[in-house]
Amino acid sequence: MNVDDFPWMEEHHRMIREAVRGFAAGEVAPRAVALDASCEFPLDLFGKMAELGFLGIPIPEELGGAGMDTLAYVIAVEELARVDGSLALGLAAHTSLGTYPIYAFGTEEQRRRWVPRLASGKGIAAFALTEPDAGSDAQGTRTTAVQDGDGWLVNGTKFYCTNGTHASTIVFTAVTGTAPGGKKEISAFVVEKGTPGLKYGAKEVKLGMRSSDTRVLHFEDMRLPAGNLLGGPESRGAGFKKFMLTLDGGRISVGAISVGLAQGALDRAVPYSRQREAFGQAIGDLGGISARLADMAVDVHAARLMVYDAALRKDRGLPFAKQASMAKLFASEAGMRATDSAIQVLGGYGFTREYEVERMYRDAKLCEIGEGTSEIQRLVIARSLSKEFGS
Ligand code: COS
């Protein structure tokens, strides 16, 4: 049995793991170093993932997906991250941030219109929430959508949109008025690529996740038809909650990326420690190194269990927001520890590009920031505790 196998896993979980592992080893791993160096978005790999059915894993078959569950999806994300964090991030942004809200909150007409194309991989999806002045404080949104005849006139700027220019649809939030009580009324919309007024900033140059396409979006007098209000007219003002629910699921994916990166670091550190000798023995038998490797393995196992538990809860319709935040928090910090340790075990080699663990370390840092910083996860967990304890 593999270390990442669990007795309670179902056959389709093992199947998807083997399928993604094979694809990652054959098609992705040989290019990961070069893609990081060139910052090139691998559109062809997305095409191959589409052919293999990886772009709609948790979406029902009648909507073009593979009809599997969240656990199968996070296993796929983890396996990709094990060899290339950027590609895993692209898949995660497409599935749990870009496609999921249309599937979960769209009207029947909206689901039929957009989901099959996305789940079958004919289009790539994206999500835009963060703004120049609204990151952790997501209700600080300043983008506005004003009713304009039958539709909406949208103006504003969104930051850090993953899959950016490659996305055929982007879900985003905008202020559509003032809610009772004086708060901003925030609604969610879908915009299609090519809509006049949708403009892209330059591709961001980043510390890690370098082949993932991250863009600023500008909405300049962008007109959207009434049918692009996610969930239809009765969902006006429900955009913030829809995005919070989407992020609950997205946080499980970021946890899965972290597990994959940590496992990738372990995959490289253990064989190196067996083959490299110092003081007449394999360095893996030296106390300092063996303790590091043991700690890495514990981190990977614990993080994986937390991520899978959050996914299983989601699949069973149980509350999972706290568990998703815990999994994301623990896994992302474990990912940093494990990738840091892998560099240390490999020493000078670890600090060079070709041994890959330095890339994993750079990629892992994003997981402590994206889809809610570690500080936000602690806030969500603490608020949940305070509710549970009734104060
Ligand atoms: N699921 C469903 N509803 C939620 C929710 C969730 N996970 N989190 C909050 N809500 C609801 C609340 O229940 C509340 O509803 P009512 O107005 O009916 O009471 C409403 O949303 C506002 O909630 P709250 O007052 O807690 O909102 P805050 O402004 O205090 O912000 C945090 C809450 C900090 C948790 C939120 O802003 C957040 O997650 N920030 C991080 C954003 C993020 O992850 N950005 C990265 C994007 S990656 S592109």
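Start at 1 and go down the list; that is how both ligands and their atoms are numbered.
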Colleague: State the atoms of ligand 1, each with its element, that fall below the 4.0 Å cut-off from a heavy-atom position in L247.
Modeller: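 The atoms of ligand 1 under 4.0 Å from a heavy atom of L247 are 43 (C), 44 (O).
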Colleague: Out of F23, Y73, F46, which residue meets the ring pair (Phe, Tyr, Trp, His ring centres under 6.0 Å) rule with F54?
Modeller: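 When ring pair (Phe, Tyr, Trp, His ring centres under 6.0 Å) is applied between F54 and each of F23, Y73, F46, only F23 qualifies.
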Colleague: Mind checking whether L97 contacts ligand 1 via backbone (N, CA, C, O), side chain (CB onward), both or neither, at a 4.0 Å heavy-atom cut-off?
Modeller: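 It is neither part, as no heavy atom is under 4.0 Å.
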Colleague: Closest by any non-hydrogen atom to atom 18 (O) of ligand 1: pick that one out of K241, E371, K183.
Modeller: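 Result: the heavy atom closest to atom 18 (O) of ligand 1 is in K241.
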Colleague: Closest non-hydrogen protein atom to atom 46 (C) of ligand 1, residue and atom name please, with distance?
Modeller: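 Here the nearest protein heavy atom works out to G372 N, 3.5 Å.
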Colleague: Are any of the side-chain nitrogens in K314 or D69 under 4.0 Å away from the carboxylate oxygens of its partner?
Modeller: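 No, no charged N to carboxylate O under 4.0 Å.
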Colleague: Suppose we measure from atom 44 (O) of ligand 1 to each protein heavy atom; which comes out shortest, and what is that distance?
Modeller: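 That would be R251 NH2, 2.8 Å.
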Colleague: Any sub-3.5 Å donor-acceptor pair from K203's side-chain atoms to C39's backbone N or O?
Modeller: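 Yes; at least one donor-acceptor contact below 3.5 Å.
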Colleague: Can S86 and S212 be counted as having a side-chain donor-acceptor contact under 3.5 angstrom?
Modeller: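 Short answer, no.
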Colleague: Return the closest protein heavy atom for atom 28 (P) of ligand 1 as residue, atom name and distance.
Modeller: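 Residue, atom and distance for the closest contact: Q139 NE2, 3.5 Å.
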Colleague: For a ring-ring contact (aromatic ring centres under 6.0 Å, His included) check, start with the C-alpha distance between Y200 and H218, then their side-chain angles and the critical distance, and finish with the verdict.
Modeller: CA-CA 6 Å; Y200 307 94; H218 301 285; 9.4 Å; no
Colleague: Would R337 pass as a cation-pi partner of F330, given that its NZ or CZ must be under 6.0 Å from the six-membered ring centre and within 45 degrees of the axis?
Modeller: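 Judged by the rule, R337 and F330 form a cation-pi pair.
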Colleague: Give me the residue, atom name and distance of the protein heavy atom closest to atom 24 (P) of ligand 1.
Modeller: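 For this ligand atom, the closest protein heavy atom is R383 NH1, 3.9 Å.
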Colleague: Below 4.0 Å, non-hydrogen atoms only: which portion of T162 touches ligand 1? Side chain, backbone, both or neither.
Modeller: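 Neither part.
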Colleague: Please assess Q377 against S325 for the test side-chain hydrogen bond (donor to acceptor under 3.5 Å, both in side chains), listing each intermediate value before the final yes or no.
Modeller: CA-CA 5 Å; Q377 306 315 324; S325 278; 2.8 Å; yes
Colleague: Are there more than 12 heavy atoms of other residues, nucleotides or ligands under 6.0 Å from atom CZ of R142?
Modeller: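 Counting neighbours around CZ of R142, 12 or fewer heavy atoms of other residues, nucleotides or ligands fall under 6.0 Å, so no.
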Colleague: Among protein heavy atoms, which lies nearest atom 7 (N) of ligand 1, and at what distance?
Modeller: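 Ranking protein heavy atoms by distance from atom 7 (N) of ligand 1, first comes D248 OD2, 3.1 Å.
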Colleague: Among all the protein's non-hydrogen atoms, which is closest to atom 6 (C) of ligand 1, and how far away is it?
Modeller: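 Result for atom 6 (C) of ligand 1: M244 CB, 3.5 Å.
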Colleague: Hey, would you say the F243 and F127 ring centroids sit under 6.0 Å apart?
Modeller: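 For F243 and F127, the ring centres are under 6.0 Å apart.
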Colleague: Give me the residue, atom name and distance of the protein heavy atom closest to atom 23 (O) of ligand 1.
Modeller: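 For atom 23 (O) of ligand 1, the nearest protein heavy atom is F240 CE2, 4.0 Å.
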Colleague: For W152 and F189, take the angle between the two ring planes, folded into 0 to 90°, and tell me which bin it lands in: parallel under 30, tilted 30 to 60, perpendicular over 60.
Modeller: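 W152 vs F189 ring planes: perpendicular.
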Colleague: Please work out which of the three classes, parallel, tilted or perpendicular, describes the rings of Y349 and Y272, given edges at 30° and 60°.
Modeller: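 Perpendicular: the ring planes of Y272 and Y349 meet at over 60°.
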Colleague: Going by the atom numbers of ligand 1, which of them fall below 4.0 Å from some non-hydrogen atom of L245?
Modeller: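 Listed by number with element: 1 (N), 2 (C).
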Colleague: Among G181, G135, G249, whose heavy atom sits nearest atom 42 (C) of ligand 1?
Modeller: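 Result: the heavy atom closest to atom 42 (C) of ligand 1 is in G135.
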Colleague: Tell me the nearest of S325, A138, S136, A128 to atom 40 (N) of ligand 1, using heavy-atom distances.
Modeller: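 Shortest heavy-atom distance from atom 40 (N) of ligand 1: S136.
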Colleague: Which of the numbered atoms in ligand 1 are under 4.0 angstrom from any heavy atom belonging to V380?
Modeller: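 Going through ligand 1 atom by atom, the ones under 4.0 Å from V380 are 35 (C).
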Colleague: Closest by any non-hydrogen atom to atom 49 (S) of ligand 1: pick that one out of F243, F127, F159, F320.
Modeller: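 Of the listed residues, F127 has the closest heavy atom.
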Colleague: Return the closest protein heavy atom for atom 34 (C) of ligand 1 as residue, atom name and distance.
Modeller: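 Of every protein heavy atom, L379 CD2, 3.7 Å lies nearest to atom 34 (C) of ligand 1.
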